[in-house]
Trainee: 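Please read through the structure below; I'll follow up with questions.
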Amino acid sequence: MEEDQAGWIRRVTVVGAGLMGHGIAQNFAVAGFEVALTDQSSAVLQAALSRIEGNLRLMAQVGRLSEERIPVIMARVNLEPNLGRAAEGSDFVCESISENLGAKQELFSRLDSVCPPRTILATNSSSFSLSQVGARIARRDKLIATHFLSPPHIIPLVEIMPGEETSGEVVQTTVALMRRCGQAPVILKKEAPGYVFNRLLAALLREAMTLVGDGIAEVEDVDLAVKAGLGLRMPFMGLLELADLAGLEVVEVMLRNVCPLINNEPTPPAILSEMVKRGELGGKSGKGFYDWRRRPVSDFIRWRDENVHRLRLALWEGRQNGQS
Ligand SMILES: NC(=O)c1ccc[n+]([C@@H]2O[C@H](COP(=O)([O-])OP(=O)(O)OC[C@H]3O[C@@H](n4cnc5c(N)ncnc54)[C@H](O)[C@@H]3O)[C@@H](O)[C@H]2O)c1
């Protein structure tokens, strides 16, 4: 059985305890694994514990776990500032440090020397290829990408991408491990920068911004088309299911007519680059497509997370791969 393929994994290490890393460590701890969490910044490492506890409290509040489990889960997260000690007995290492190629290559080469030969080394890098990240390691058969979405303790998707030399066994073990953690693994058959999710997202973002930039629709209306149109059906039906049900000949005509009208430029839309140049960076600067000075980002994120947790509980918990 596939789940058994991860049965030998007992100890997990997460390197990088920032935005993604603390949530990834939390997922492993919730699933019952002993996790060593490490970061080069002791402040980030200390803060990770209270971030995880806060996340778990919200999960308890929305009914995703019982309050009594929180101290048990917290006790499984072991902060270890020393990389060697964090990784030495590990079966599976998930790297989630800052997106810096040199730092990642150096880290993987250290991991390759301190970890036992059995250890699988995974990266959460969004933009570097596995061959780049693992350029300096010997165990390329045990190198894999596990690309989580933010926040990883709420969004089930994790993209599993093998490199040219990754063994099939390592792919299957990683898939089984992610399922044990309650994630929904999507397997890429080969290296593809941008994975599946970011390629789909890039196409949608480019067009959404172009619709606003070309004066075709207001910001709120473009977002409403997504939330009230695509959004409600998407948890139950993917794009290719949608195409099949619409009829592929109908979809072909629609694409033939609409594709020449939409943005096919290989660069980011002009409206985006202009906003970035003006320092309008979105939530962090107070202004982007929306005015965030009137709607505090932290309130919005809390409201969003509570609702997505509830949706996940209703739609995903106890469901394999999102199938009905
Ligand atoms: N933020 C996202 O939405 C998102 C989504 C998917 C994947 N990712 C990927 O996840 C990774 C981490 O992103 P993040 O958003 O969590 O970044 P972050 O800046 O919040 O956290 C990165 C952490 O790595 C630590 N770090 C840097 N170099 C280190 C080293 N050599 N050893 C130990 N710790 C080190 C930093 O101190 C920091 O705490 C990146 O590769 C990014 O591409 C991010």
Side-chain angles (χ1 to χ4, degrees), residues 12-28 35-52 54-55 77-88 90 93-115 121-137 143-161 163 174 178 181 183-186 188 191-202 205 281-284 297 301 304-305 308:
V12 174
T13 301
V14 177
V15 189
L19 181 71
M20 298 299 290
H22 84 275
I24 295 170
Q26 175 185 331
N27 283 349
F28 285 117
V35 191
L37 179 59
T38 186
D39 196 291
Q40 68 180 10
S41 154
S42 55
V44 171
L45 199 52
Q46 284 307 322
L49 269 194
S50 48
R51 289 172 100 171
I52 292 175
N55 294 341
V77 182
N78 306 292
L79 303 186
E80 177 48 77
N82 181 285
L83 176 71
R85 278 199 294 275
E88 64 192 357
S90 193
V93 178
C94 187
E95 168 275 318
S96 195
I97 68 166
S98 322
E99 195 72 342
N100 174 319
L101 184 57
K104 285 191 194 268
Q105 287 175 331
E106 198 182 313
L107 173 67
F108 272 87
S109 132
R110 274 212 64 203
L111 289 170
D112 200 22
S113 62
V114 296
C115 292
L121 303 182
T123 178
N124 184 36
S125 170
S126 293
S127 55
F128 301 125
S129 72
L130 268 180
S131 16
Q132 286 175 305
V133 171
R136 298 196 215 143
I137 70 166
L143 180 67
I144 194 154
T146 48
H147 184 242
F148 291 83
L149 258 63
S150 175
H153 66 288
I154 302 182
I155 306 296
L157 175 63
V158 57
E159 298 179 276
I160 313 271
M161 189 176 72
T174 307
M178 292 299 134
C181 292
Q183 300 295 120
V186 159
L188 275 75
E191 272 199 41
Y195 302 87
V196 171
F197 181 83
N198 276 345
R199 287 181 179 219
L200 293 173
L201 185 64
L205 279 174
L281 305 180
K284 69 174 83 163
V297 173
I301 289 177
R304 179 204 66 186
D305 285 357
V308 180

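Whatever order the structure lists ligands and atoms in, that order sets their numbers, starting from 1.
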Trainee: With only distance considered, is Val15 within less than 3.5 Å of ligand 1 through an N or O on each side?
Mentor: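 N/O-N/O distance below 3.5 Å does not exist for this pair.
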Trainee: Mark up the atoms of ligand 1 that fall under 4.0 Å of a heavy atom belonging to Lys104, in ascending order.
Mentor: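 Answer for ligand 1: 40 (C), 41 (O).
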Trainee: Side-chain contact test, heavy atoms from C-beta onward, threshold under 4.5 Å: evaluate it for Thr123 versus Phe108 and give yes or no.
Mentor: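 In short, these two side chains touch, coming nearer than 4.5 Å.
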Trainee: So Lys104 and Ser98, do their side chains get closer than 4.5 Å, heavy atoms only?
Mentor: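 Of all side-chain heavy-atom pairs linking Lys104 with Ser98, none is under 4.5 Å.
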Trainee: Within ligand 1, which atoms have a heavy atom of Asn124 less than 4.0 Å away?
Mentor: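 Taking each heavy atom of Asn124 in turn, ligand 1 has 7 (C), 8 (N), 9 (C), 10 (O) under 4.0 Å.
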Trainee: Among all protein heavy atoms, pick out the one at the shortest distance from atom 8 (N) of ligand 1; state its residue, atom name and that distance to 0.1 Å.
Mentor: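 So the nearest neighbour among protein heavy atoms is Ser126 OG, 3.2 Å.
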Trainee: Would you check the N or O atoms of Thr38, main chain and side chain alike, for any that come under 3.5 Å of an N or O of ligand 1?
Mentor: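 Looking only at distances, the answer is no, because the N/O contact criterion of under 3.5 Å is not met.
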Trainee: Looking only at N/O atoms, are His147 and ligand 1 under 3.5 Å apart anywhere?
Mentor: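 For ligand 1, there is no N or O atom that lies under 3.5 Å from one belonging to His147.
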Trainee: Which residue supplies the protein heavy atom nearest to atom 3 (O) of ligand 1, what is that atom called, and how far is it?
Mentor: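 Its nearest protein heavy-atom neighbour is Ser150 CB, 3.4 Å.
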Trainee: For His147, enumerate each residue passing the side-chain hydrogen bond (donor to acceptor under 3.5 Å, both in side chains) test, keeping only those at least two apart in sequence or located in another chain.
Mentor: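 side-chain hydrogen bond (donor to acceptor under 3.5 Å, both in side chains) check on His147 returns Ser126, Glu159.
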Trainee: Starting from atom 38 (C) of ligand 1, which protein heavy atom do you reach first, and at what distance in Å?
Mentor: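 Residue, atom and distance for the closest contact: Asp39 OD2, 3.5 Å.
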Trainee: For atom 32 (N) of ligand 1, state which one of Leu149, Ile97, Asn198, Ile24 supplies the nearest heavy atom.
Mentor: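 Answer by nearest heavy atom: Ile97.
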Trainee: Would you confirm whether any non-hydrogen atom of the protein falls under 4.0 Å from atom 17 (O) of ligand 1?
Mentor: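 It does not; no protein heavy atom is within 4.0 Å.
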Trainee: Looking at side-chain heavy atoms only, is the closest gap between Pro151 and Ile155 below 4.5 Å?
Mentor: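 Yes - at least one pair of side-chain heavy atoms lies under 4.5 Å apart.
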Trainee: Please work out whether any backbone atom (N, CA, C, O) or any side-chain heavy atom from C-beta onward of Glu106 is under 4.0 Å from ligand 1, and answer side chain, backbone, both or neither.
Mentor: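 No part of Glu106 comes within reach of ligand 1.
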Trainee: Give the residue and atom name of whichever protein heavy atom lies nearest to atom 21 (O) of ligand 1, and the separation in Å to one decimal.
Mentor: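 Minimum-distance protein heavy atom for atom 21 (O) of ligand 1 reads Gly18 CA, 3.4 Å.
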Trainee: State which residues pass side chain to side chain contact (heavy atoms under 4.5 Å, CB included) with Ala135; sequence neighbours excluded, sorted by chain then number.
Mentor: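 Once residues adjacent in sequence are excluded, the partners of Ala135 under the side chain to side chain contact (heavy atoms under 4.5 Å, CB included) criterion are Gln105.
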Trainee: Among all protein non-hydrogen atoms, which one is nearest to atom 30 (C) of ligand 1, and what is the separation to 0.1 Å?
Mentor: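 Nearest neighbour among protein heavy atoms for atom 30 (C) of ligand 1, to 0.1 Å: Gln40 OE1, 3.5 Å.
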Trainee: Can you report which non-hydrogen protein atom sits closest to atom 27 (C) of ligand 1, along with the distance?
Mentor: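 The protein heavy atom lying closest is Ser98 OG, 3.2 Å.
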Trainee: Kindly compute the distance separating CG (Asp305) from CG (Asn55), expressed to the nearest 0.5 Å.
Mentor: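 Here the rounded value is 8.0 Å.
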Trainee: Less than 4.5 Å apart, side chain to side chain, heavy atoms only: is that true for Val77 and Gln26?
Mentor: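 In short, these two side chains do not touch, never coming nearer than 4.5 Å.
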Trainee: Do Leu111 and Ile137 have side-chain heavy atoms sitting under 4.5 Å apart?
Mentor: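 In short, these two side chains do not touch, never coming nearer than 4.5 Å.
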Trainee: List ligand 1 atoms under 4.0 Å from Ser96, heavy atoms only on the residue side.
Mentor: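 Listed by number with element: 10 (O), 11 (C), 12 (C), 22 (C).
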Trainee: Using side-chain heavy atoms (C-beta onward) and a distance below 4.5 Å, is Ser96 in contact with Phe148?
Mentor: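 In short, these two side chains do not touch, never coming nearer than 4.5 Å.
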Trainee: In terms of atom number and element, which parts of ligand 1 are under 4.0 angstrom from non-hydrogen atoms of Ser125?
Mentor: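 This gives 41 (O) as the contact atoms.
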Trainee: Which residue and atom name correspond to the protein heavy atom nearest atom 13 (O) of ligand 1, and how close is it?
Mentor: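 Residue, atom and distance for the closest contact: Met20 CG, 4.0 Å.
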Trainee: If you measure from each heavy atom of Ala103 to ligand 1, is any distance below 4.0 Å?
Mentor: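 No.
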Trainee: With the threshold set at under 4.0 angstrom, would you say Leu107 reaches ligand 1 through any of its heavy atoms?
Mentor: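 Checking ligand 1 against Leu107, which is what was asked, there is no heavy-atom contact under 4.0 Å.
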Trainee: Below 4.5 Å, heavy atoms only, C-beta onward: do Gln132 and Ser127 meet side chain to side chain?
Mentor: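 A side-chain contact under 4.5 Å is absent here.
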Trainee: Only heavy atoms of Val44, strictly under 4.0 Å: list the atoms of ligand 1 that pass.
Mentor: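 Near Val44, meaning under 4.0 Å from one of its heavy atoms, ligand 1 has 39 (O).
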Trainee: For atom 41 (O) of ligand 1, what is the closest protein heavy atom, and at what distance to 0.1 Å?
Mentor: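 Residue, atom and distance for the closest contact: Glu99 OE1, 2.5 Å.
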Trainee: How about Glu99: does its CD atom have over 12 heavy atoms from other parts shown lying under 6.0 Å from it?
Mentor: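 Yes, because the 6.0 Å sphere around CD of Glu99 holds more than 12 heavy atoms from other groups.
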Trainee: With atoms numbered from 1 as shown, which atoms in ligand 1 lie under 4.0 angstrom from a non-hydrogen atom of Leu19?
Mentor: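 Within the 4.0 Å cut-off of Leu19, ligand 1 contributes 1 (N), 15 (O), 16 (O), 20 (O).
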Trainee: Just distances here: any N/O of Glu95 and N/O of ligand 1 closer than 3.5 Å?
Mentor: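 There is no such contact.
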Trainee: Do the non-hydrogen side-chain atoms of Ile160 and Thr146 ever get within less than 4.5 Å of each other?
Mentor: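 Counting from C-beta outward, Ile160 and Thr146 do come under 4.5 Å.
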Trainee: Could you measure the distance from the OH atom of Tyr195 to the CG atom of Leu157? Nearest 0.5 Å is fine.
Mentor: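 Rounded to the nearest 0.5 Å, the OH-CG separation comes out at 11.0 Å.
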Trainee: Any chance the side chains of Glu80 and Thr38 put a donor and an acceptor closer than 3.5 Å?
Mentor: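 No, Thr38 and Glu80 have no side-chain donor paired with an acceptor closer than 3.5 Å.
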